[in-house]
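A note on names: the letters A, B, ... follow the listed sequences, proteins ahead of strands, and every chain is numbered from 1. Keep in mind that what you see is a predicted model, and the values were worked out from it rather than measured.
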Number of protein chains: 2
Amino acid sequence: MRKIYDCDRGCPVQNTLQFIAGKWKSVILYHLFKAEVLRFSELQRRLPYVSKRMLAKQLAELEADGLIIKRIYPVIPVKTEYRLSDFGQSFQPVIFAMEAWGENYIKKSYQGSSR
Amino acid sequence: MRKIYDCDRGCPVQNTLQFIAGKWKSVILYHLFKAEVLRFSELQRRLPYVSKRMLAKQLAELEADGLIIKRIYPVIPVKTEYRLSDFGQSFQPVIFAMEAWGENYIKKSYQGSSR
DNA sequence: CAGTATCCGAATGGATACTG
DNA sequence: CAGTATCCATTCGGATACTG
């Protein structure tokens, strides 16, 4: 993902994936849809299994692709905030479809045998 | 993806991703939604930028997870067919949301400046 | 606080050759 | 045809230490 040479420009799904297929991108977007605004440390708390290094990298890519907006407050210690851009907002149907599937899956898993 | 230790069991999106986050899985599913049944070679033609090795691996994982069904015909040369299982079908809303986003993106890209 | 730099082992994935 | 096996370069990603 991200690289143009491994993306089929004619395939709609590929076009979508080039933006959200990063290892943790969909989850980051999901949390931003839920919370509107999140600081770096708040994202860390929501994704405890993701290293700081990876989180920073995924956020940088999302920002470079224009899905999220980073706001830095020049205070000490530094404070940053991340939120979805309009472009990022446009992925709502995709992320919410994932959420819906996952919620249904969890529900069924608790009711008895999964799938 | 795939590994339990990098999946937050409480996050719906993570639950979904553990099945479809493989590098080419969503695209494979997408083509199976479109075509119903596809042979290995037909999938290769639809994903020319994916190596045979990778395609086989992704298909094996999708089958192991129960999203697709593989049918082997004992003829020479061998013939195999892949199709979605009911479980695989359940991802339709997710895959179609990706398709819809991608189609809209492509349309806008051709109309003028992208995003 | 919010990162970045460096080191380094682990995993990824292409190319090629081989098989029933 | 539909894979699998092997080799090997590249990338990934964790741990740790450092910075404005």
Pairing pattern in dot-bracket form [Watson-Crick, G-U; both distances under 3.5 Å; | = partner strand] for DNA chain C: ||||||||||||||||||||
Report the distance from atom NZ of A/Lys70 to atom P of C/dA2, rounded to the nearest whole Å. 10 Å
Indicate the ring-plane relationship of B/Phe40 and B/Tyr82, choosing parallel, tilted or perpendicular according to the 30° and 60° boundaries. tilted
Quiz: residues 91-100 of chain B side-chain donor-acceptor pairs under 3.5 angstrom, not counting sequence neighbours:
from, atom 1, to, atom 2, distance (Å)
B/Glu99, OE2, B/Tyr30, OH, 3.4
B/Glu99, OE2, B/Lys34, NZ, 2.8

From CG of A/Leu62 over to C1' of C/dG3, roughly how many Å is that when rounded to an integer? 16 Å
Salt bridge (charged side-chain N to carboxylate O under 4.0 Å, His left out): pairs with one or both residues in residues 39-56 of chain A, sequence neighbours excluded: none
Touch check for A/Tyr73, heavy atoms < 4.0 angstrom, all strands: base, sugar-phosphate only, or nothing? nothing
Connected-component partners of A/Tyr73 among ILVMFWY, side-chain separation under 4.5 Å: A/Val75
Please name all residues satisfying side-chain contact (heavy atoms from CB on, under 4.5 Å) with A/Ile106, sequence neighbours left out, ordered by chain then number. A/Tyr110, B/Asn15
Once side-chain hydrogen bond (donor to acceptor under 3.5 Å, both in side chains) is applied, do any residues pair with B/Gln44, and if so which ones, sequence neighbours excluded? none
Sub-4.0 Å heavy-atom contacts from residues 36-45 of chain A onto DNA chain C, ordered by number: A/Arg39, A/Phe40, A/Ser41
Protein heavy-atom contacts under 4.0 Å, written 5' to 3' over nucleotides 14-20 of chain C as B (base), S (sugar-phosphate only) or - (none), form the string BB----B
If the condition is side-chain contact (heavy atoms from CB on, under 4.5 Å), which residues does A/Glu63 pass it with, not counting sequence neighbours? A/Ile68, A/Lys70
Test side-chain hydrogen bond (donor to acceptor under 3.5 Å, both in side chains) applied to A/Ser41 - qualifying residues, sequence neighbours left out: none
Residues at least two apart in sequence or cross-chain that pass side-chain contact (heavy atoms from CB on, under 4.5 Å) with A/Ile69, listed by chain then number, are A/Arg83, A/Ser85
How does the hydrophobic cluster around B/Val78 look, that is, which other residues are in it when side-chain heavy atoms under 4.5 Å mark a link? B/Ile72
